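Below: the structure, in structure tokens.
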Amino acid sequence: MLYREIEDRLRAAVVSVLPEAAPESIQVRPCPDPQFGDYQSVALMQLARQRRTNPRQLAQEVVGRLDVSDICSSVEVAGPGFINFRLRPDAIAQALKGPLSGGSLFFEPAARPRTVVIDFSSPNVAKPMHVGHIRSTILGDALTRVMRLLGHRVITDNHIGDWGTQFGKLLVGWKTRLDPAALVADPIAELERLYREVNTASESDPAVLEEARRELVKLQEGDEENLRIWREMIALSQTQFDAIYDRLDIAFDHTLGESFYNPRLRSVVDELRRRGIARESEGAVVVFFDDDPQLRDHPALIQKSDGAANYATTDLATLEHRLTTWKPDLIIYVTDGRQQLHFQQIFAIFRRWHPDVPVDLAHVWFGSILGPDNRPFKTRAGEVIKLADLLDEAEERAFAVVSEKSPELPEAARREIARVVGIGAVKYADLSPNRQSDYVFDWDRMLALSGNTAPYLQYAYARIRSIFRRGEVQLDSGTPIVLEAPEELGLARGLLEFGLTLEAVVEDYRPNLLCTYLYDLAGRFARFYEACPVLKADEPQRSSRLALCELTGRVLQEGLAALGIKTLEQM
RNA sequence: GCCCGUGUAGCUCAGGUGGAUAGAGCAAGCGUUUCCUAAACGCUAGGCCGCAGGUUCGAGUCCUGCCACGGGCACCA
């Protein structure tokens, strides 16, 4: 990695001038504008400020002790004290040769691989998966893939909502109102109907509510009939989840729902009480955070006054289980931003409970899905959009476009292309915005197939494959690389940033950085493709450009795969 | 009331530790195909970065105060 090499040497030069400077504070990053150079460092300006010296002078002094002449054609101090580096084309060419001969693809595996448990998706039993589940599911999967690409050991766990008070009403509905034919036709719709009907009935009739409560208690006490129905509802729901995950190409290592932790809840509460972390208050068991200004006014309930545990209790038991089972270095929760306080509380309780356990806990939250009116999203009928319908629509729109662009392909091929393009578009639309922004749902934006979208990236890849379909080529470290045209240099420089991008994604849990990078790279390729003939070029340009195409194709494919998006040989 | 976010082009959004003239896509307008996929490329137009102060060589970015919107704040998850 050329930027790493420059950074290392710059650090050494800075330390030789200022022995007390912290090397980590000196960084090199891509130049915002290529007219200034390829990489730049602003660290000297900050160091000069701390030391109240002239930044330009300090930068000059450091540059005087810096030898990067084998990598850079120029090193300049510019403006108030930037250090700008311009790479030598032959150094870039050399950097491209590694991956051509089996070396790693512009990124290095993590120096210290971590064991990571990641909790995402978490749909509820007896409810359809809707657009509200899409962000957690797609974001969690993308983070998993990027971390695995960098060599981390990642364990995915789908913490499904398979326990709770809703089952009282569902059991009443199942026993008194079930339509067996409807259950066969669309199980989730039928379960949803049952819940709604009983819920409505219970609002006007206290007897129904009481009945639901009794059924719930029976379930909790292990009544065989109720357990059987409950398990069937879970199985029906799981089938639906699996169908969606299958279409999205997402798999979980474990699916341990809330019910799995049920037997452990009591001991969690007991232990927290015994240790004096929790105490009784107003009939409930509560953890107070008097010494924490952030949480002082927000005590956490771990047992309700009726003796039942709640969400916090389950999450604590889950945390404990994950810790003892997998011994992770890091646990990641991918949920919506509304749960920030909840996770602050859980993490704070956990730190008191296990002060010596060196696990990092991260709540990777994302903004809400809103409608065009900036309010929580609903369709006109007041129904949320089901995920399955969204995916259907995506594939349908993509099919129309494929059929228009490539009418010569047989229908089966067009269907397959539409599937990959449609699902890719949905995933990319979800991953490319900053995750913390609220999310305005819009069919056309979500399913767009041109501009900054997955199909644009897939198209760049398909064009590359099309070139290689026209002839076998042998590419290896002996392949000549000549970078002369600005489009060739631009593309080659783009390739070098892949690793930097992957690291940034993991650092801040932000897959949108990878989207931005790949979109920029595909743009560089498109410009190269317009300006530089490949197959018709004379040697050594021809081989060199083929090598550029090959490497670009690999980065696009690997990068998209890290987002959970597939590529196509043809589209 | 307190806490967490958000406010950038007509629309949807990017803008790692403060850095050089604020960037895309869509929509609008004008071009490019005897040539490896035009699902592409080029050009034009479009901006008191919510408002007002402050910190400093330098603020979309940091601090304070307002305004607007979303969310959260003990027995839902």
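Atom set for the values below is all heavy atoms of this structure, side chains included, hydrogens, waters and symmetry mates excluded. The model shown is predicted, which means the values in this text are computed figures rather than measured ones. Throughout, protein chains are lettered first and strands after them, A, B, ... in sequence-line order, and every chain is numbered starting at 1.
Using a 4.0 Å heavy-atom distance criterion, A504(A) is classed as making no nucleic acid contact. Across all strands shown, S437(A) has heavy atoms under 4.0 Å from sugar-phosphate atoms exclusively, and none from any base. Residue Q344(A) is out of contact with every strand shown, counting any heavy-atom pair closer than 4.0 Å. In this structure, Q35(A) reaches the bases: a heavy-atom distance under 4.0 Å links it to at least one base atom across the strands shown. Counting any heavy atom pair closer than 4.0 Å across all strands shown, N512(A) reaches sugar-phosphate atoms only and no base atom. Contact annotation for R510(A): backbone-only contact, meaning every heavy-atom pair under 4.0 Å involves sugar-phosphate atoms and none involves a base.
Taking the six-membered ring for Trp and the full ring otherwise, the centers of F347(A) and H363(A) sit at least 6.0 Å from each other. Taking the six-membered ring wherever Trp is involved, the centroid distance between the rings of F343(A) and Y333(A) falls below 6.0 Å.
The phosphate of rA39(B) (OP1 or OP2) has a side-chain N or O of K405(A) nearer than 4.0 angstrom. Close to rC41(B), at under 4.0 Å from its OP1 or OP2, lies a side-chain N or O of Y456(A).
At a cut-off of 3.5 angstrom, the base of rG19(B) holds no donor-acceptor pair with the side chain of R29(A). Residue-to-nucleotide contacts include a donor-acceptor pair under 3.5 Å from the side chain of S305(A) to the base of rC75(B). Residue R338(A) places no side-chain atom within donor-acceptor reach of the base of rG5(B), judged by atom type and a 3.5 Å distance cut-off alone.
Ring geometry for W163(A) versus W230(A): interplanar angle over 60°, hence perpendicular rather than tilted (30 to 60°).
Separation of the P atoms belonging to rG29(B) and rG72(B) is 43 Å when rounded to the nearest angstrom. Straight-line distance between the C1' atoms of rG25(B) and rA14(B): roughly 10 Å, to the nearest whole Å. Taking the C1' atoms as reference points, rG46(B) lies 10 Å from rA28(B), given to the whole Å. Look at the C1' atom in both rU61(B) and rU8(B): the space between them is 12 Å, to the nearest Å.
Between rA40(B), rG18(B), rC36(B), one nucleotide has an atom nearer to the side chain of S450(A) than all others, and that is rA40(B).
Both distances falling under 3.5 Å, in either a Watson-Crick or a G-U wobble arrangement, occur for no nucleotide opposite rU17(B).
As rounded to whole Å, 11 Å separates atom C1' of rC36(B) from atom CD of E530(A).
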